[in-house]
Amino acid sequence: MRFCVPFPISLWGYWLCLGRSWFYLWCPGWIRTPCAVPAFAPTTGGFLAFRDGLLHSWLGGGKPSGRKVYPHRTRSHALLFCAFFLLPAAPEPVRTRYGPPVKHKPAYPGEDIKMSRKLFRYVLAFTLTLTTASAEGDTLPVPKQKWSFEGPTGTFKRDALQRGYQVFKEVCSACHGIKHISYEKLMGIGLSKNAVKALAAEHNQPDLNEEGQPIQRKGMISDRIHSPYPNDKAARASNNGALPPDLSLITKARAGGPDYVYALLTGFCATPADTIIPEGMHYNPYFSGRQIAMAPPLFDGQVKYADGAKATVSQMAEDVVTFLSWAAEPEMEQRKQMGVKVLFYLLIPYSALI
C-alpha cells in the first residue's frame with residue numbers, strides 16, 4: 001500500500017493499458033478468438049473488455065499527477081487495445097453431431113490477411129473522410145432558419161413560391177438553370193395554365209422537322225425550363241472558367257440544405273484585412289475556402305414583387321430558397337399527405353383492439 005499511494009494514477013492507467021494491449025495483440029489465437037467470434041462482431045465478453053479497457057485507461061490518463069506525456073500515451077494505447085476487437089478473428093471449430101469438430105479452412109491462401117487489409121482500407125477511408133471534413137472547417141457554421149415546409153406536415157407557401165420563381169427568373173436564371181423542371185410543373189406553385197404557356201413561349205426550343213433537320217420551334221409547357229447556356233463549355237467560357245451549378249437539386253446536394261443556400265446568398269461581406277482574395281473571387285464565410293467566384297447576386301430593391309412585398313436581400317433569399325426547395329421535391333406535399341393517411345389507416349385496427 002505504501003508503494004501504491006505515491007505512484008501517480010496516470011502511470012497506473014498507462015502501464016495497465018500498455019500491458020493489456022500488447023498481451024492481446026500478441027496472444028495466441030485460442031485466447032482472443034472467444035472475444036471476437038464471428039469476425040467484426042464482438043461477443044459479450046469482448047464488448048465488456050472493450051468497454052473496460054477504454055474507460056479505465058481513459059480515466060486513468062485523465063488527471064496527470066506526473067509527466068504530461070502519460071495521458072496521451074495512455075489514451076493512444078487505449079485506442080490500440082480497443083481496435084484489437086475489430087480485427088477479424090479465426091472462427092471457432094464447427095461442432096457437428098457426428099464426428100470431431102470441423103476446423104475452418106480458408107477458402108484460398110491469404111484469406112485472413114485479405115480481410116485484415118480490407119478492414120484497414122475501411123478505417124483509412126473513414127479517417128480520410130474525417131480529415132476532409134476538418135479541412136472544410138474554416139467556414140462559419142450555417143445558422144438554422146425556420147421554413148414552412150419543414151416537419152411531417154409542413155407545406156410550401158404559394159405566395160413565397162411565386163415570389164421565389166420571380167427572383168429566380170429575373171436574377172438567378174442569367175447564369176443558372178433548373179433543367180429537371182418543366183414549365184407545366186409551375187402550375188404547382190399557383191400559376192395559371194395561360195401564364196405558364198406564356199412563360200414557355202418566351203424561348204424557342206431546338207427540335208427536328210419531318211425530314212430530320214434541326215429547327216427552332218415555339219416553346220411548349222411540356223418543355224424543360226430554358227437554360228442560359230447550351231452546354232457546360234459555353235457556361236465556363238462565359239464565367240471565367242467557373243461552371244455555375246444547376247439549381248434543380250441544389251438544396252438536396254449541399255450539406256445544410258436550404259439553410260446553407262440561404263446563408264450563402266446573404267453571407268457576402270467585406271474581405272477582412274488579414275485575408276487575401278484572388279482577383280475575380282469574392283469573400284463569403286459560408287463557402288468552402290471563404291472565397292467564391294459568384295458575385296453577390298442580391299441587393300435591396302432588385303426586383304419588384306407583384307404582391308407589393310418589400311424586396312430586401314433576406315426576403316428575396318428566403319423566397320428563392322423556398323422555390324428551389326420546391327423544385328428539388330415538387331411532390332413533397334402529396335407525399336406527406338399520403339404518409340399521414342397511411343398512418344391513420346394503420347392505426348385503425350390497433351385502436352379497435354384497445
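Looking at Asp259, its side chain does come within 3.5 Å of a backbone N or O of Gln145 through a donor-acceptor pair. Remark: side-chain polar atoms of Asn231 are paired, donor with acceptor, to backbone N or O of Lys233 under 3.5 angstrom. Between the side chain of Asn209 and the backbone N or O of Gln213 there is at least one donor-acceptor pair closer than 3.5 Å. Looking at Thr155, its side chain never comes within 3.5 Å of a backbone N or O of Phe149 through a donor-acceptor pair.
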Under 3.5 Å, which donor-acceptor pairs link side chains of residues 301-314 to any protein atom two or more places apart or in another chain?
| unit_1 | atom_1 | unit_2 | atom_2 | d |
| --- | --- | --- | --- | --- |
| Gln302 | OE1 | Phe299 | N | 3.1 |
| Gln302 | NE2 | Pro297 | O | 3.1 |
| Tyr305 | OH | Asp319 | OD2 | 2.9 |
| Asp307 | OD1 | Ala309 | N | 3.2 |
| Asp307 | OD2 | Arg163 | NH1 | 2.9 |
| Thr312 | OG1 | Ser314 | OG | 3.3 |
| Thr312 | OG1 | Gln315 | N | 3.2 |

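At a threshold of 4.5 Å between side-chain heavy atoms, the hydrophobic network of Ile, Leu, Val, Met, Phe, Trp and Tyr places Ile225 and Val196 in one connected group. Connection of Tyr345 to Val340 is not established within any shared hydrophobic cluster, with ILVMFWY side chains joined at heavy-atom distances below 4.5 Å, either directly or through further cluster members. Taking hydrophobic clusters as Ile, Leu, Val, Met, Phe, Trp and Tyr residues chained together by side-chain heavy-atom distances below 4.5 Å, Leu247 does not share a cluster with Leu243. The cluster map of Ile, Leu, Val, Met, Phe, Trp and Tyr, joined by side-chain heavy atoms under 4.5 Å apart, puts Val171 and Phe268 in the same cluster. Leu249 and Ile181 fall into different hydrophobic clusters, where Ile, Leu, Val, Met, Phe, Trp and Tyr are joined by side-chain heavy atoms under 4.5 Å apart, directly or via other members.
Residues Cys269 and Pro285 approach most closely at SG-CD, 4.0 Å, considering heavy atoms. Of all non-hydrogen atoms in Tyr229 and Ala174, the two that sit nearest each other are OH-O, 3.7 Å. Heavy-atom minimum distance, Cys175 versus Pro244: O-CB, 3.4 Å. In terms of heavy-atom proximity, His282 sits nearest to Pro296 at ND1-CD, 4.1 Å. Between Met332 and Gly154, the shortest heavy-atom distance links the atoms CE-O, 3.8 Å. Residue Thr251 comes nearest to Val321 through the heavy atom pair CG2-O, 4.5 Å, listed as atom of the first residue, atom of the second, then distance.
Rounding to the nearest 0.5 Å places NZ of Lys193 at 14.0 Å from CG of Leu186. Interatomic distance, OH of Tyr260 versus CD1 of Ile250, reported as 7.5 Å (0.5 Å rounding). We find the CD1-CD distance between Ile215 and Gln205 to be 12.0 Å, quoted to the nearest 0.5 Å. Rounded to the nearest 0.5 angstrom, Ser182 OG and Met220 CE are separated by 11.5 Å. Separating the OG1 atom in Thr322 from the CZ atom in Arg158 is a distance of 11.5 Å, to the nearest 0.5 Å. To the nearest 0.5 Å, atoms CD (Glu318) and OG (Ser148) are separated by 8.0 Å.
Contact of the Pro143 side chain with the Tyr286 side chain is registered, since non-hydrogen atoms from C-beta on lie closer than 4.5 Å. You'll find the side chain of Met338 stays beyond 4.5 Å of the side chain of Gln334, heavy atoms only. Counting only heavy atoms from C-beta outward, the side chains of Leu199 and Leu191 approach each other to under 4.5 Å. Looking at Gln291 and Tyr283, their side chains never come closer than 4.5 Å, going by heavy atoms from C-beta outward. For the pair Ser227 and His203, the minimum side-chain heavy-atom distance is 4.5 Å or more.
Between Lys185 and Glu329 no salt bridge is recorded (no basic side-chain N to carboxylate O distance below 4.0 Å). A salt bridge links Asp223 to Arg217: one of the charged nitrogens lies within less than 4.0 Å of a carboxylate oxygen. Lys169 has a carboxylate O that lies under 4.0 Å from a charged side-chain N of Glu202, or vice versa, which qualifies the two as a salt bridge. Salt-bridge annotation for Glu150 and Lys144: present, with a side-chain N of the basic residue lying under 4.0 Å from a carboxylate O of the acidic one.
Ile276 CD1: 12 or fewer foreign heavy atoms inside a 6.0 Å radius. Within 6.0 Å of NZ on Lys336 lie more than 12 heavy atoms contributed by other residues, nucleotides or ligands.
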query = Do Lys179 and Asp246 pass the salt bridge (Lys or Arg N to Asp or Glu O under 4.0 Å) test, and can you show the C-alpha distance, the side-chain angles, and the key distance before you say yes or no?
reply = CA-CA 7 Å; Lys179 60 184 179 182; Asp246 184 83; 5.3 Å; no

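In this structure, a donor-acceptor pair under 3.5 Å is present between the side chains of Gln166 and Glu170.
Not a single ring pair (Phe, Tyr, Trp, His ring centres under 6.0 Å) links Tyr183 to another residue, sequence neighbours left out.
Phe323 and Phe168 have tilted rings, their planes meeting at an angle from 30° to 60° on a 0 to 90° scale.
Among Leu265, Leu298, Leu324, the single residue meeting the side chain to side chain contact (heavy atoms under 4.5 Å, CB included) criterion with Val167 is Leu298.
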